[in-house]
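Order of the sequence lines fixes the chain letters, A, B, ..., with proteins taken first and strands second; residue numbering starts at 1 for each chain.
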Amino acid sequence: MDWTPGNVQKWVLWTEHLYRLPQVGKTFQELSGKDLCAMMEEEFRHRSPLWGDVLYAHLDIWKSGSDEVWSATEADSSCSGQPIHLWQFLKELLLKPHKYGRCISWLNKEKGIFKIEDSAHVARLWGIRKNRPAMNYDKLSRSIRQYYKKGIIRKPDVSQRLVYQFVHPV
DNA sequence: GAAAAGGAAATTG
DNA sequence: CAATTTCCTTTTC
């Protein structure tokens, strides 16, 4: 809440560099910390259709460190809970098609079959949630594969690229 | 050329 | 200690 437009710009550029988000900094100039906190995710998306949600998710992590600001934040699940599991995170994204339908969506919700439309984007979001800037699809997919033996996620009967299936759909 | 599949070792809460 | 994360090699798409 105390950030000057200069602070905000510095934070945005730092995040842009950390997560390799091209061209994000330019679209978030002239904003104070208050402005930034007042912005909902839609506004982030409006300013940067490609990476607005990523930036918002990252800001959300920072907000969670400040109670005063948190109380004014949209009820997003990104800060609660101790160790979020990957399969829970994927279900979270699938729960909000309006926000994440571009990068992950159900092919058959009843059977729990979903497709990762934008692997790089989903990996970035996961990396932000887990504070792992170096996360990528190679590593995220390895983590999904660990679920095979655990019976949490599997490959559908007719294996397709970027398509997985929850073993126990709800 | 990206994605799938795992083994193996390191990391983290 | 479990759940990844990281790294890597071999196949498959």
Trainee: Suppose the criterion is side chain to side chain donor-acceptor pair (under 3.5 Å): which pairs have a residue in residues 160-170 of chain A, not counting sequence neighbours?
Mentor: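 Listed by first then second residue: Y137(A)-Y164(A).
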
Trainee: Please list, chain by chain and in numerical order, all residues satisfying side-chain hydrogen bond (donor to acceptor under 3.5 Å, both in side chains) with Q88(A), sequence neighbours excluded.
Mentor: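 Scan of Q88(A) (side-chain hydrogen bond (donor to acceptor under 3.5 Å, both in side chains), adjacent residues dropped) gives none.
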
Trainee: Identify the 5'-most and 3'-most nucleotides of DNA chain B with at least one atom closer than 4.0 Å to a non-hydrogen atom of chain A.
Mentor: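 Contact boundaries, 5' end first: dG1(B) to dT12(B).
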
Trainee: Can you list every salt bridge (Lys or Arg N to Asp or Glu O under 4.0 Å) pair that touches residues 131-148 of chain A, not counting sequence neighbours?
Mentor: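 Found none.
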
Trainee: Excluding sequence neighbours, so at least two apart, what forms side chain to side chain contact (heavy atoms under 4.5 Å, CB included) with L50(A)?
Mentor: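 Counting only residues at least two positions away or on another chain, L50(A) forms no side chain to side chain contact (heavy atoms under 4.5 Å, CB included).
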
Trainee: Applying side chain to side chain contact (heavy atoms under 4.5 Å, CB included), can you list everything that pairs with K34(A), at least two apart in sequence or on another chain?
Mentor: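 For K34(A) the side chain to side chain contact (heavy atoms under 4.5 Å, CB included) partners, ignoring immediate neighbours, are M1(A), S32(A).
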
Trainee: Quick test: give all pairs of protein nitrogen or oxygen and nucleotides 2-4 of chain C nitrogen or oxygen below 3.5 Å, distance rounded to 0.1 Å.
Mentor:
residue: dA3(C); atom: OP2; partner: K150(A); partner atom: NZ; Å: 3.1
residue: dT4(C); atom: OP1; partner: L86(A); partner atom: N; Å: 3.2
residue: dT4(C); atom: OP2; partner: Y147(A); partner atom: OH; Å: 2.6
residue: dT4(C); atom: O3'; partner: K130(A); partner atom: NZ; Å: 3.2

Trainee: Applying side chain to side chain contact (heavy atoms under 4.5 Å, CB included), name anything that partners K91(A), two or more places apart in sequence or on another chain.
Mentor: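 Result, side chain to side chain contact (heavy atoms under 4.5 Å, CB included) vs K91(A): W87(A), F166(A), V170(A).
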
Trainee: Tabulate protein N/O versus nucleotide N/O from nucleotides 8-13 of chain C, keeping only pairs under 3.5 Å, one per line.
Mentor:
residue: dC13(C); atom: O2; partner: R161(A); partner atom: NH2; Å: 2.5

Trainee: Five pairs per end, C1' atoms only: what is the angle between the end axes of the helix from dG1(B)-dC13(C) to dG13(B)-dC1(C), to 10 degrees?
Mentor: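 That helix has its two terminal axes inclined by roughly 30°.
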
Trainee: Checking H17(A) now: which residues fulfil side chain to side chain contact (heavy atoms under 4.5 Å, CB included) with it, not counting sequence neighbours?
Mentor: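 H17(A) satisfies side chain to side chain contact (heavy atoms under 4.5 Å, CB included) with no other residue.
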
Trainee: In residues 2-9 of chain A, what donor-acceptor pairs under 3.5 Å come from side-chain atoms, sequence neighbours left out?
Mentor:
residue: T4(A); atom: OG1; partner: G6(A); partner atom: N; Å: 3.3
residue: T4(A); atom: OG1; partner: N7(A); partner atom: N; Å: 3.1
residue: T4(A); atom: OG1; partner: N7(A); partner atom: OD1; Å: 3.1
residue: N7(A); atom: OD1; partner: T4(A); partner atom: N; Å: 2.9
residue: Q9(A); atom: NE2; partner: F28(A); partner atom: O; Å: 3.3

